[in-house]
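A quick write-up on the structure given underneath.
The analysis underlying the following values was restricted to heavy atoms, covering all of them including side chains, and did not include hydrogens, waters or symmetry mates. Only a predicted model underlies this, so the values are computations on that prediction, with no experimental measurement involved.
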Amino acid sequence: MSVATRLLPLVRLAPGTVHLHGRIEPATLPDPLPRILARTAAFSDDVTQAARALVADVQARGDAALRDATARFDDVVLDDLRVSTGALRAAYEGLDDALRAALHQATDNIRRFHERQRRTAWFTEDGDGVVLGQRYVPVDRAGLYAPGGTAAYPSSVLMNAIPAQVAGVDAVHLVSPPGADGLPHPLVRAAAHLLGLEHVYAVGGAQAIGALAYGTETIPAVDVIVGPGNAYVAAAKREVFGQVAIDSLAGPSEIVILADDTADARFVAADLLSQAEHDVRASAILVTTSAALAEAVQDAMEAMVPTLSRRAILEAALADYSAVVVCDTMDDAVALVNHLAPEHLEIVTRGPWATMGRIRHAGAIFLGPYSSEPVGDYLAGPNHVLPTGGTARYASALGVDTFLRRQSVIAYTRERLARSGPAIVRLADAEGLDAHARAIQERLDTFAEHPDGNADPT
């Protein structure tokens with residue numbers, strides 16, 4: 001097969017693309033990298049307007065709007081939006097033994113990992129009349145979205161619910177679109193039962209996000225909404241942000257593999273395809289210093305793609321948003337990876353731990369030839385809800401912190417305020433905020449009038 005008809009385009013990073021200190025000038029990047037970098041979670045006007053209308057309808061009409069939207073989009077007429085605990089238990093009991101065991105194993109690993117993220121309040125006393133500290137308080141309610149349709153994502157239920165439970169959230173409410181039987185997918189229900197979730201609703205789409213944000217007769221309003229969904233779900237999350245917190249505006253999935261000539265081409269090809277199969281806008285990029293590996297990976301992919309069930313999606317994603325990039329040096333390769341700031345990064349090089357030390361921007365990092373990305377998606381324990389579209393430059397994986405609020409604690413004694421008060425008054429006066437100054441000065445005046453500490457409460 002000629003290079004022109006390769007499934008995965010091959011490009012070279014030209015000398016001079018990487019400047020001093022590892023910086024890259026985006027205008028110098030070869031195609032298709034600029035197109036890949038421009039790929040974001042942006043929504044069309046039609047999607048935004050439709051999501052906005054659905055959210056507004058739910059805010060105005062509550063459960064009636066949810067039932068109307070469910071009949072319209074899911075072709076299901078619901079008598080009860082809430083899924084019974086019996087239906088959750090039946091789905092769990094209907095699992096085959098091997099799948100049930102796998103879900104339990106994943107649950108244990110995910111919970112163990114996230115328990116290490118627990119926060120502890122701290123307080124410090126300076127010995128001179130001041131105690132300062134910080135405490136962590138979970139939100140009261142969390143809302144989880146689990147996609148439906150032809151696929152089911154019990155792993156997403158685990159990844160989103162377990163950190164909320166570890167954080168100490170009292171009530172976790174799960175929404176997921178119904179199938180023809182009026183219930184969410186059996187695997188979603190089984191995962192909910194496994195985690196002890198009792199608040200589950202057969203509602204999906206933008207309307208479900210509106211229900212979680214504003215509340216209805218059946219679904220209470222929550223404080224934070226997390227979980228993946230289609231463009232309408234993501235657009236609705238953007239609409240309600242501010243009314244509630246959200247995890248992120250996630251874009252299509254992406255993987256970058258940083259590899260040298262020690263990598264197995266078949267492993268690399270398979271891992272690239274594992275993310276490319278998600279969506280026609282998914283991105284799979286190999287960044288390597290080995291031209292021989294680049295060619296071998298292309299060959300391996302062309303042998304694998306025709307054997308996979310999502311061939312059409314793979315071919316579109318590989319052609320439009322994927323590439324093999326050959327770099328002259330590992331320094332250039334590392335600089336490009338940091339510029340891409342990928343959601344998933346596999347490092348398959350000599351001394352991958354040392355290479356990782358040079359990586360600044362990535363959502364999750366997988367080290368060595370046996371840490372395939374699907375290990376993280378399903379079983380290892382770290383969260384698979386990760387920043388996409390280059391947002392790993394400033395964002396992190398979903399975790400326990402997503403469901404916590406930090407609260408500062410300040411406690412001054414009378415004596416300490418008497419000493420510090422004049423400085424506070426000066427700063428407030430300098431900003432022209434005389435009521436701020438007055439709040440302190442009233443106390444200073446009282447201290448002067450009653451040096452023994454006794455003051456007339458009138």
Side-chain angles (χ1 to χ4, degrees), residues 81-96 98-115 117 139 141-179 181 183-205 208-209 211-212 219 222 224-230 233-234 237 246-248 250 253 278 374-386 397-400 402-403:
L81 300 174
R82 186 160 182 169
V83 180
S84 70
T85 55
L88 303 179
R89 182 177 59 255
Y92 173 80
E93 292 174 349
L95 297 175
D96 68 68
L99 180 54
R100 186 185 300 112
L103 282 175
H104 276 272
Q105 185 179 357
T107 297
D108 291 344
N109 291 347
I110 295 166
R111 192 174 300 279
R112 188 178 304 113
F113 178 87
H114 287 87
E115 283 176 347
Q117 296 180 348
V139 299
R141 296 192 187 112
L144 279 55
Y145 188 93
T150 59
Y153 298 95
S155 60
S156 288
V157 177
L158 304 183
M159 292 288 183
N160 285 279
I162 291 174
Q165 292 177 330
V166 172
V169 177
D170 286 335
V172 177
H173 295 262
L174 172 65
V175 294
S176 189
D181 60 356
L183 296 171
H185 195 285
L187 289 178
V188 169
R189 286 185 280 133
H193 176 79
L194 173 59
L195 298 182
L197 302 183
E198 297 181 351
H199 309 291
V200 181
Y201 310 93
V203 181
I209 301 302
L212 291 174
I219 303 175
V222 301
V224 58
I225 299 174
V226 301
N230 62 20
V233 169
K237 287 167 73 175
I246 62 172
D247 50 356
S248 66
S253 187
H278 274 295
V375 172
D377 270 352
Y378 294 109
L379 201 69
N383 211 283
H384 75 197
V385 181
L386 299 165
L398 184 144
V400 171
T402 305
F403 304 95

Find out whether [X] and [Y] are in side-chain contact, i.e. whether some heavy atom of one side chain is under 4.5 Å from a heavy atom of the other.
| X | Y | result |
| --- | --- | --- |
| Ile209 | Tyr145 | yes |
| Pro184 | Val83 | yes |
| Ser176 | His185 | no |
| Pro178 | Leu183 | no |
| Pro163 | Phe403 | yes |
| Val224 | Val226 | yes |
| Leu187 | Leu99 | yes |
| Ile225 | Asp247 | no |

Indicate the atoms forming the closest heavy-atom contact of [X] with [Y], along with that distance.
| X | Y | result |
| --- | --- | --- |
| Gly399 | His114 | CA-CD2, 4.1 Å |
| Asn160 | Gly227 | OD1-N, 3.4 Å |
| Ala146 | Leu174 | CB-CD1, 3.9 Å |
| Pro147 | Val188 | O-CG2, 4.4 Å |
| Ala91 | Pro186 | CB-O, 3.3 Å |

Measuring from atom [atom1] of [X] to atom [atom2] of [Y], what distance do you get when rounded to the nearest 0.5 angstrom?
| X | Y | atom1 | atom2 | answer |
| --- | --- | --- | --- | --- |
| Lys237 | Ile246 | NZ | CD1 | 6.0 Å |
| Leu144 | Ser156 | CG | OG | 9.5 Å |
| Leu158 | Leu103 | CG | CG | 6.0 Å |
| Asp377 | Met159 | CG | CE | 7.0 Å |
| Asn383 | Phe113 | CG | CZ | 8.0 Å |

Inset, instruction - Apply side-chain contact (heavy atoms from CB on, under 4.5 Å) to the pair Gln117 and Val166, showing each step before the final yes or no. - result: CA-CA 9 Å; Gln117 296 180 348; Val166 172; over 6 Å; no
Treating [X] as the side-chain partner and [Y] as the backbone partner, does any N or O pair qualify as donor plus acceptor under 3.5 Å?
| X | Y | value |
| --- | --- | --- |
| Thr402 | Leu398 | no |
| Arg100 | Leu95 | yes |
| Arg112 | Gly381 | no |

Legend entry - Within 45° cone and under 6.0 Å: Arg189 NZ/CZ vs Tyr92 ring: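 Cation-pi check for Arg189 and Tyr92: fails.
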Inset, instruction - For Val172 and Val169, run side-chain contact (heavy atoms from CB on, under 4.5 Å): C-alpha distance rounded to whole Å, both residues' side-chain angles, the deciding distance at 0.1 Å, then the answer. - result: CA-CA 7 Å; Val172 177; Val169 177; 4.2 Å; yes
Inset, instruction - Kindly indicate, with the supporting measurements, whether the criterion side-chain contact (heavy atoms from CB on, under 4.5 Å) is fulfilled by Arg89 and Ser84. - result: CA-CA 9 Å; Arg89 182 177 59 255; Ser84 70; over 6 Å; no
Legend entry - Verdict with reasoning, Leu379 to Gln105, per side-chain contact (heavy atoms from CB on, under 4.5 Å): CA-CA 7 Å; Leu379 201 69; Gln105 185 179 357; 3.8 Å; yes
Could you pull out all donor-acceptor pairs under 3.5 Å where a side-chain atom in residues 192-203 meets a protein atom, sequence neighbours excluded?
residue: His199; atom: ND1; partner: Arg82; partner atom: NH2; Å: 2.9
residue: Tyr201; atom: OH; partner: His173; partner atom: ND1; Å: 3.0

